[in-house]
Amino acid sequence: MVARDWTLRVGVRVETWAKTVAGRMRGRGRDAGAGFVEYAGLMIIIAGIFTLIDQIGLDGMISGAIRTAVTQVTGGGGG
């Protein structure tokens with residue numbers, strides 16, 4: 001009798017657990033926390049790009065090219 005009660009309790013717990021897991025996989029909360037992980041990954045990639053640009057020395061070339069392009073679009077220099 002004790003073994004039968006124990007088996008029944010385990011069966012109920014497993015069934016409850018299975019419903020909870022299935023609900024999380026299909027429900028609204030299935031992507032909970034994914035936004036933070038994606039945001040953190042994007043920030044790491046962007047920081048890596050900026051570090052690479054700085055280490056290679058492209059920052060001066062890039063800012064010079066942007067300055068030249070803006071000057072050409074706006075029609076020249078100051079006043």
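Exactly one residue among Thr74, Thr68, Val70 makes a side chain to side chain contact (heavy atoms under 4.5 Å, CB included) with Gln72. That residue is Thr68.
Under a hydrophobic clustering in which Ile, Leu, Val, Met, Phe, Trp and Tyr are joined whenever their side-chain heavy atoms come within less than 4.5 Å, directly or via other members, Met61 and Ile49 fall into the same cluster. Hydrophobic cluster membership is shared by Ile66 and Ile53, with clusters built from Ile, Leu, Val, Met, Phe, Trp and Tyr side chains linked at under 4.5 angstrom. The hydrophobic cluster containing Met43 does not contain Phe36, counting ILVMFWY residues as joined when their side-chain heavy atoms lie under 4.5 angstrom apart, directly or transitively. There is a path of hydrophobic side-chain contacts, each under 4.5 Å, that joins Ile62 to Ile56.
Residues satisfying the side chain to side chain contact (heavy atoms under 4.5 Å, CB included) test with Leu42, not counting sequence neighbours, are Ile46.
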